[in-house]
Number of protein chains: 2
Amino acid sequence: MALGKDYEQQDCSLARTLELVGERWTLLIVRDAFYGVRRYSDFLGHLDIPRAVLSGRLQTLVEAGVLDRRRYQESPPRDEYVLTERGIDLWPILRAMSRWGEQHVQNGVACRIYRHEGCGGAVDPHGVCAVCGAPVAPADTEVAPGPGANLLRRDDPVTRAMRRPHRLLEPLLP
Amino acid sequence: MALGKDYEQQDCSLARTLELVGERWTLLIVRDAFYGVRRYSDFLGHLDIPRAVLSGRLQTLVEAGVLDRRRYQESPPRDEYVLTERGIDLWPILRAMSRWGEQHVQNGVACRIYRHEGCGGAVDPHGVCAVCGAPVAPADTEVAPGPGANLLRRDDPVTRAMRRPHRLLEPLLP
DNA sequence: CCGGGTCGGTTCATTCATCGAACCAATAGG
DNA sequence: CCTATTGGTTCGATGAATGAACCGACCCGG
């Protein structure tokens, strides 16, 4: 995008957040991380993002403490990018944005629905379970395709895996 | 930013929202509109944004139905930009982002606080009043500088007006 | 040990967006 | 007539995004 710059020191907190996650692609990368995407090649294949941009964004997010980069096998050495607690706290932002798009761009048709794992209740936009009334953490949330899902639009491993219900933050691919 | 492009047709609603409000500066413009900024020159003076970018963004937001451009005097002809209902629905996104920055960049120190006009209770991140428990619409919310406010950083009409408590959406300047 | 393939990058030339200063038109006020 | 204000547009310079090519480390099969 877009920022990373000073962004005028005004509305402290909003501007500070935008400097970190306001750049083009960044929030889509974070969203994929919630879906359980962890590897460079999977982000790449799912987002159609230039490699240089992906590398840069991942590095920025790691430096900001939103993602943790960790080695998951030694030979050949392979790292994966996993959301930290700080990254998981971005969930309300993603939910608020999805909801707005759903209401105002897609005429109220959801392309993904979120359920409270176990209890099975729908999770409302504030993250509260409609059945048991408890706030639902991302880790206890199940995503599934909704009525507006366009299942044919893309065909990559991540898209295919997302056709089945899946718990947030769990690794999506082997 | 950043977008405006196709943005891969994947996560329908999030990507659609980002295409509209994900570009650099856009969300800061919308935030200012919530604060009651309505005129071109006030946005300009407060944000330190290039004029061409401001013109472009305002036009995009009007076309998207987020802002309404309306004539408020005939001679000389002057227009103001006011949030529509669709624009007001962006408030949860701004609140979620401010909150994240407050918690994770500013160590929990708020630079602005929000109160339920009338009842006076603090408004929590979900938009619920801590005193009366009711959901608080932006129009019933009062903004005031918080403990982390840096009142000296800038000096323009908007910044000066924001030093006093003010109701959201009400015109900030004469 | 050689050849081919995969993964996770970097490099680089082109294109596009942002920046900031200058310019401009309409109008008001003196 | 002269000057100031508002709300823009235009334009050259800079910086970021794009996409294709390249690369090094390592695995596997033969």
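Letters A, B, ... are given to chains in the order of the sequence lines, protein chains preceding strands, and every chain is numbered from 1.
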Could you state the atom-to-atom distance from [atom1] of [X] to [atom2] of [N] in whole Å?
| X | N | atom1 | atom2 | answer |
| --- | --- | --- | --- | --- |
| B:D79 | C:dA25 | CG | P | 19 Å |
| B:L44 | D:dT6 | CG | P | 11 Å |
| A:I49 | C:dT10 | CD1 | C1' | 15 Å |
| A:H46 | C:dC7 | NE2 | C1' | 19 Å |
| B:Y72 | C:dT27 | OH | P | 15 Å |
| A:E19 | D:dA16 | CD | C1' | 17 Å |
| B:E23 | C:dC16 | CD | P | 15 Å |
| A:L58 | C:dG9 | CG | P | 8 Å |

May I ask you to decide if the ring planes of B:F34 and B:W91 are parallel, tilted or perpendicular, using 30° and 60° as cut-offs?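 Correct class here is tilted.
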Students often mix this up, so state it plainly: with edges at 30° and 60°, are the rings of B:F43 and B:Y81 parallel, tilted or perpendicular?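 Ring orientation, 0 to 90° scale: perpendicular.
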Between A:D89 and B:H104, does any side-chain donor sit less than 3.5 Å from a side-chain acceptor?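 Yes, because at least one side-chain N or O of A:D89 sits under 3.5 Å from a partner of the opposite role on B:H104.
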Minimum-distance nucleotide to [X] side chain [options: [options]]:
| X | options | answer |
| --- | --- | --- |
| A:A52 | C:dC19, D:dG19, C:dT6 | D:dG19 |
| A:P77 | D:dC26, C:dT10, D:dG19 | D:dC26 |
| A:P76 | C:dG9, D:dC26, D:dT5 | D:dC26 |
| B:Y81 | D:dT18, D:dG8, C:dG9 | D:dG8 |
| A:W25 | C:dT10, C:dT27, D:dT18 | D:dT18 |
| B:R78 | D:dT18, D:dT5, C:dT10 | D:dT5 |

4.5 Å side-chain heavy-atom contact, B:M162 and B:Y35: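 When only atoms from C-beta onward are counted, B:Y35 and B:M162 do touch, with a gap below 4.5 Å.
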Would you mind telling me which residue lines up with the more 5' stretch of DNA chain D, A:V53 or B:Q59, judged by nearest nucleotide?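 Result: B:Q59.
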So does A:D42 pair up with A:R39, basic N to acidic O under 4.0 Å?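 Yes, A:D42 and A:R39 are salt-bridged.
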Check this for me: does any side-chain nitrogen of one of A:D155 and A:R160 sit under 4.0 Å from a carboxylate oxygen of the other?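 Here A:D155 pairs with A:R160 in a salt bridge, since their nearest N and O are under 4.0 Å apart.
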State whether the distance check finds a donor on one side and an acceptor on the other, under 3.5 Å, for side chain B:R51 versus base D:dG7.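 Side chain to base: pair found, below 3.5 Å.
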Need one value for A:S41: base, sugar-phosphate or nothing, where a base atom within 4.0 Å counts as base even if backbone is also close, heavy atoms only.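 Result for A:S41 = sugar-phosphate.
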Is B:F43 touching bases, backbone alone, or none of the nucleic acid, heavy atoms closer than 4.0 Å?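 Result for B:F43 = nothing.
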Output yes when at least one side-chain N/O atom of [X] is less than 4.0 Å from OP1 or OP2 of [N], else no.
| X | N | answer |
| --- | --- | --- |
| A:R57 | D:dA17 | yes |
| A:R69 | C:dG9 | yes |
| B:S55 | D:dG7 | no |

